[in-house]
Structure formats: C-alpha cells, structure tokens
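Could you have a look at this structure, given as structure tokens, before my questions?
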Amino acid sequence: MTSPPSLGHPVYRDMPTTIFEHMSARARETGAINLGQGFPDAPGPTDLLNMAADALLTRSSQYPPMAGVPELRAAVADHYARHQGLSLTPAEVIITSGATEAIAASLLALVQPGDEVLVLAPLYDAYLPLIARAGGVARIVRLTPPHWRITRAALEQAAGPRTRFLLMNNPVNPSGIVLREEELAQLALFCVDRDLIAICDEVWEHLTYDGVRHHALMALPGMRERTVKIGSAGKIFSLTGWKVGWMCATPSLATLLGRAHQFLTFTTPPNLQWAVAQGLAKPENWFDTQRAGYQASRDRLVTGMEAAGFVVLPSQATWFICIDLAASGIAMTDTDFCARIVDEAGVAAIPISAFYPDASVTHLVRLCFSKADAVLDEAIERLARFRAEAVAASGEAR
Ligand code: GLN
C-alpha cells in the first residue's frame, strides 16, 4: 500500500522493508533454511543466558542509568584496553540498544543540516536513511569486488569542502574483509587532514579468522579525539536479539551522543547489561574458541559451495561469505537468484545490491555461515542442485 504523499517523512515514504527482515520473513513463510539475515542458530553462551536470567529474577528491572549500568561501562573500557590497546574511561562509554541505535544516535547528535558524511559502499542498509534523516548528505566511495580496496584518490574524489564525517564499518559486512593496516593508516590520515570525525561501526571486531586481527581506527595517531567507536554484544556473544550495544568517544563527543540516546531509547534492559559486563571479562581463549568455531563453519560452507561449482570470494571476518553468480555460471541477477532460491531451493540469502545505493553490483550473493554443520550441509546440497539445473537450463537455451 502506498501512503498519501502528505503522510510520512520523505526518507521513509517509499522505503521498502529492510532486506534482512524481508528475507527472514520469506524464510519463515516458506520454511527455507535461512542463510540470509546474520544470526547464529545456536541459543548463545549458557553462562551468559543464566546470568541474564538470574539478574532478571534477583536484581532491579527498573530504569538503569541513562548511559548504562556502571559495571558494563567499566567492562567495555577494560575490554578495549586488553584487546585493542585503547585507554577509555567508563565515562566515555554509552550503552545503547544495539549498534543500530548507536549509529543513529551518533548521526543525530553530530550531523548538522547539510553536513556531508563519507561512506564506503558496500554499506549496511541503515546508513543512508539515517544520514538523510539526520539532515546530512552521503558522499559515497564505491569499492569494487573482489578486493574492495580503498585508495586515497577515491576518498579525495568523493569528499568535498562540506564533508565532516566518515561513517565506516570494519571488519566489513557483507564483504568479510578486514581493512589492512595501510588502509586504516590512510583513512586516519585523511580524517586528520580533512578534520573529519570518524563514526566506526566495529561490531564484527572479534569475528576475524585466519589469524587476522582487527585494529580500531580510534587507536591510530590523531584519531582518539575524533572517533566514535561502536560495538555490539549481539555479535561478540552470538546473542543478536539482546540488542546491547555501545558507543565510545572522548567526553565532549560522548556528552552529545548521550543527548541523542536519551531521547531515542533512554536505556537498555539492565539484566542484559549486567550479563554482558561479565561476558566482556571472559579470558582471551574464550574469544579464540569463538573465532575457531566460526572459522570452521566458514570453511565448511566455502568447501561445500566450491565443490558444488560456486565461486566464493575470500572472507576473513563476519558471519558471511559472498558467492559470485556470473563466475559460477549462473546467468541471473543477485535479486532474481535470491527470489528464486528461497522458493525453488528452500534457502534464503541476501543480494549484495542491497548494500549499494544504486544497485551497481548485481552478481554477488551473501550467505551466512553461523549455523549448525547439518544446516550448512543441507543448504549446500540444495544450492548445488539449483545450480546444476540453472547451468543445464542455460546450456539448453543456447
Ligand atoms: N546485521 C545483520 C545482517 O547483516 C542484520 C541486522 C538486521 O536485520 N537489522 O544480516
């Protein structure tokens, strides 16, 4: 149903439902295996679930402090000191209802009408509407597969005199890349040269593989005072429904971020915050074990898909791999392929064009591997059958 032209903000009026919700809904309707929206199919770490349940029964369920419970603010600061060499005070950490709220709050708090925000495509689908709703103008740097490299020339070309922010994701959903140290150094230099504030969505920071480690842009020279670092317990602890996130920034920025947060969600359920605080204090090897588990799942999906004739792009982070349809002999666009496989093969996936503002890349499809082995194996079998039929059909048509 289309809304009357006078009703609703133009940003939302003609906007479709997010592709993640759309594909999950299609998977629920059809009973397809859902390799679309990124979430694990396991229940999550039992100890954290128990802590949250205990806290729900034995501790307060009333409003916690607006910026988060003190235990969690301190735990985030400690965690980043141990894992990423950052020295943050708890006062520089604000707890949000998920990273999406943190991104929204950062943009609403900092962007002034007409300010330009530099973004790198492929980009998460919330970024552009949130920038527009905050009154900003997105300046897009298009990165191209399979390497998705960032160059100074591309940054220079996209940024203008009104550019005041860089909004970026690293490690990157959907490409599964982790920015290399020289790329990060270049971004930091660019932010310093142009006096930009960087809003860094680093929700995938712990989910890196093959020994590759994430480095926070905030830790680079000149960036400590000009970076908002955003993280998410949902990704770190495989509890995507908890919606516990945070944003970290120097006090002058953090005060502004808090102003936006107080009128978005105000607070986040305290029992979940206490459980996450304990989770962040887990020893290093807990995070290594998580990584190893997801790396094995990635390898299982990549190996299976390759054996089935699919060409898979390298992924060293997140819960996602991308398959290249054209290189796999499948003459379909990503959206056609995803629409067909959910009905015909019983597998839901995400078209990469959803991560570009202009659908300029239409040959890649994202698959989520944070699933049980048996689920991945069944999905591989179904996609193998679908590919074999598609390739045979296009041979006959020729
Ligand atoms: N981050 C998740 C993904 O990329 C989606 C989150 C959501 O649906 N809002 O799949």
Side-chain angles (χ1 to χ4, degrees), residues 12 15-28 32-42 44 96-107 119-131 133 148 167-178 199-208 214 230-247 264-265 268 294 297-298 301 313 315-323 334-335 338 341-342 347-357 361 364-371 375-376 379:
Y12 299 114
M15 180 189 283
T17 298
T18 162
I19 187 71
F20 307 110
E21 175 63 21
H22 171 71
M23 290 312 307
S24 283
R26 293 289 290 120
R28 284 190 291 265
I33 295 174
N34 192 354
L35 303 191
Q37 193 175 36
F39 62 90
D41 58 2
T96 57
S97 290
T100 303
E101 196 225 333
I103 296 164
S106 302
L107 292 167
V119 286
L120 312 171
L123 43 77
Y124 186 54
D125 69 345
Y127 291 3
L128 296 181
L130 288 174
I131 291 169
R133 196 67 184 85
W148 322 91
L167 168 59
M168 59 173 283
N169 179 219
N170 182 40
V172 188
N173 172 15
S175 61
I177 60 162
V178 183
I199 301 169
C200 295
D201 165 1
E202 300 187 349
V203 298
W204 303 102
E205 58 202 341
H206 273 296
L207 299 165
T208 60
H214 167 77
I230 292 171
S232 162
K235 303 298 191 292
I236 299 176
F237 299 110
S238 305
L239 295 162
T240 59
W242 278 22
K243 301 298 292 175
V244 177
W246 47 82
M247 44 192 179
L264 277 172
T265 59
T268 296
Y294 286 128
S297 299
R298 177 204 61 178
L301 185 58
L313 267 54
S315 165
Q316 294 197 304
T318 73
W319 288 326
F320 312 116
I321 60 165
C322 289
I323 54 171
D334 59 347
T335 41
C338 289
I341 59 170
V342 71
V347 179
I350 301 286
I352 293 299
S353 54
F355 295 82
Y356 280 88
V361 173
L364 301 177
V365 167
R366 192 190 84 173
L367 299 174
C368 174
F369 56 73
S370 55
K371 309 289 174 185
V375 173
L376 294 176

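Just so it is clear, the values below take in all heavy atoms, side chains as well, and ignore hydrogens, waters and symmetry mates. First listed ligand is number 1; within each ligand, the first listed atom is number 1.
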* **Salt-bridge present (Glu202, Lys235; N to O < 4.0 Å)** => no
* To do: Please name all residues satisfying side-chain hydrogen bond (donor to acceptor under 3.5 Å, both in side chains) with Tyr356, sequence neighbours left out, ordered by chain then number.
  =>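 Partners of Tyr356 by the side-chain hydrogen bond (donor to acceptor under 3.5 Å, both in side chains) criterion come out as none, since no residue qualifies.
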* **For Ser175, side-chain hydrogen bond (donor to acceptor under 3.5 Å, both in side chains) partners two or more places apart** => none
* To do: Take Trp204 and His214 through the side-chain contact (heavy atoms from CB on, under 4.5 Å) test and state the conclusion after the steps.
  => CA-CA 9 Å; Trp204 303 102; His214 167 77; over 6 Å; no
* Asked: With sequence neighbours excluded, what pairs up with Thr100 under the side-chain hydrogen bond (donor to acceptor under 3.5 Å, both in side chains) test?
  -> none
* **ligand 1: protein residues within heavy-atom distance under 4.0 Å** => Phe20, Gln37, Gly38, Tyr124, Asn173, Lys235, Phe320, Arg366
* **Short side-chain donor-acceptor distance under 3.5 Å, Asp125 and Thr18** =>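 The criterion, which ignores hydrogens and geometry beyond distance, is satisfied for Asp125 and Thr18.
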